[in-house]
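Lettering follows sequence order; numbering is per chain, from 1.
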Amino acid sequence: GAVVSQHPSWVICKSGTSVKIECRSLDFQATTMFWYRQFPKQSLMLMATSNEGSKATYEQGVEKDKFLINHASLTLSTLTVTSAHPEDSSFYICSARTGTGPTGYTFGSGTRLTVV
Amino acid sequence: DQQVKQNSPSLSVQEGRISILNCDYTNSMFDYFLWYKKYPAEGPTFLISISSIKDKNEDGRFTVFLNKSAKHLSLHIVPSQPGDSAVYFCAASAGTASKLTFGTGTRLQVTL
């Protein structure tokens, strides 16, 4: 089946630095990818939707300049957390459209970001 | 505003018994509901779903029940197996092209 590879699985960075998270579709082309964030004991919250070759669509309340999303190819989407702060510490996970309808999503394994 | 709620953060069930995971929603526009299973360090994987035109969907050991009037759905696993130990997320969508709205998850532990 379809596989979405997400790296790194965990990262620790210092406040003020930037961190890049990659999601690759290994055996299919992903024209659309979704980025979620999950705080402890909370649900997966959609941050943005990225479409290959165009600008990402951000959900309300998500800072576009802080969470930079690039989807330059059909197999790679990246999320860069710029000038990270401790409150950005969270679990970030990507998902790709692999089919039609509500069941047509494949998720990456997630990235645990800790900002110290 | 948490539109999809899983009020039990954890559940422990003996092997062979039935596991019942519950989910409540508030948005009456939701017309499709899904359950995902997540192991540590892995992404969620799709388990089972149900359309709002149905009240039950069964797939092997897994059955999802939907009570639209109560805005409640539940996932039944029977018999429960140790390999079922994971975090289960309930999700909902409003329309086939709509984004998924997730609950907070319930951690299921199946004991021997």
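When side chains are defined from C-beta on, B:V4 does not count as touching A:S43, because their heavy atoms never get closer than 4.5 Å. A 4.5 Å side-chain heavy-atom check between B:L34 and A:Y105 finds every atom pair outside the cut-off.
Only the side chain of B:F89 comes within contact range of chain A, with heavy atoms under 4.5 Å apart. In this structure, no portion of B:K5 lies under 4.5 Å from any heavy atom of chain A. In this structure, chain A has no heavy atom under 4.5 Å from any part of B:Y39. Contacts of A:F91 with chain B are made by side-chain atoms alone, with heavy-atom separations under 4.5 Å and no backbone atom involved. Interface remark: A:S9 contributes no atoms to any contact with chain B (heavy atom separation under 4.5 Å). For A:I93, the part lying near chain B is the side chain, with the backbone staying farther off; criterion is any non-hydrogen pair under 4.5 Å. Using a 4.5 Å cut-off between heavy atoms, B:Q6 makes no contact with chain A at all. Interface remark: B:P44 contributes backbone and side-chain atoms alike to the contact with chain A (heavy atom separation under 4.5 Å).
The environment of A:D27 atom CG is dense: over 12 non-hydrogen atoms of other residues, nucleotides or ligands sit within 6.0 angstrom. Atom CZ of B:R61 has more than 12 neighbouring heavy atoms from other residues, nucleotides or ligands inside a 6.0 Å radius. The number of heavy atoms from other shown groups lying within 6.0 Å of NZ (A:K66) is above 12.
B:F65 is not connected to B:W35 by any chain of hydrophobic side-chain contacts under 4.5 Å among Ile, Leu, Val, Met, Phe, Trp and Tyr, and they are in different clusters. Residues A:M33 and A:L113 fall into different hydrophobic clusters, defined by Ile, Leu, Val, Met, Phe, Trp and Tyr side chains chained together at heavy-atom separations under 4.5 Å. In the hydrophobic clustering of ILVMFWY residues, with side-chain heavy atoms under 4.5 Å counting as a link, A:I69 and A:V11 come out together. Follow the hydrophobic side-chain contacts under 4.5 Å out from B:V87 and you never reach B:L21; the two are in separate clusters. Cluster membership for B:I53 and B:L73, using ILVMFWY side-chain heavy atoms within less than 4.5 angstrom, is not shared.
Taking A:G104, A:G108, A:G110 one by one and counting their heavy-atom pairs under 4.5 Å with chain B, the maximum is reached by A:G108.
The CZ atom of B:F46 sits 11.0 Å away from atom OG1 of A:T98, with the distance rounded to the nearest 0.5 Å. The CG atom of B:L100 lies 8.5 Å from the CG atom of A:L46; values are rounded to the nearest 0.5 Å. Summarising the geometry, atom CD belonging to A:E59 is positioned 3.5 Å from atom NZ belonging to B:K99; distances are rounded to the nearest 0.5 Å. One distance of note links OG1 of B:T104 with CD of A:Q38; it measures 8.5 Å at 0.5 Å rounding.
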Tell me, with the steps shown, if B:T45 and A:F107 meet side-chain contact (heavy atoms from CB on, under 4.5 Å).
CA-CA 7 Å; B:T45 56; A:F107 287 82; over 6 Å; no

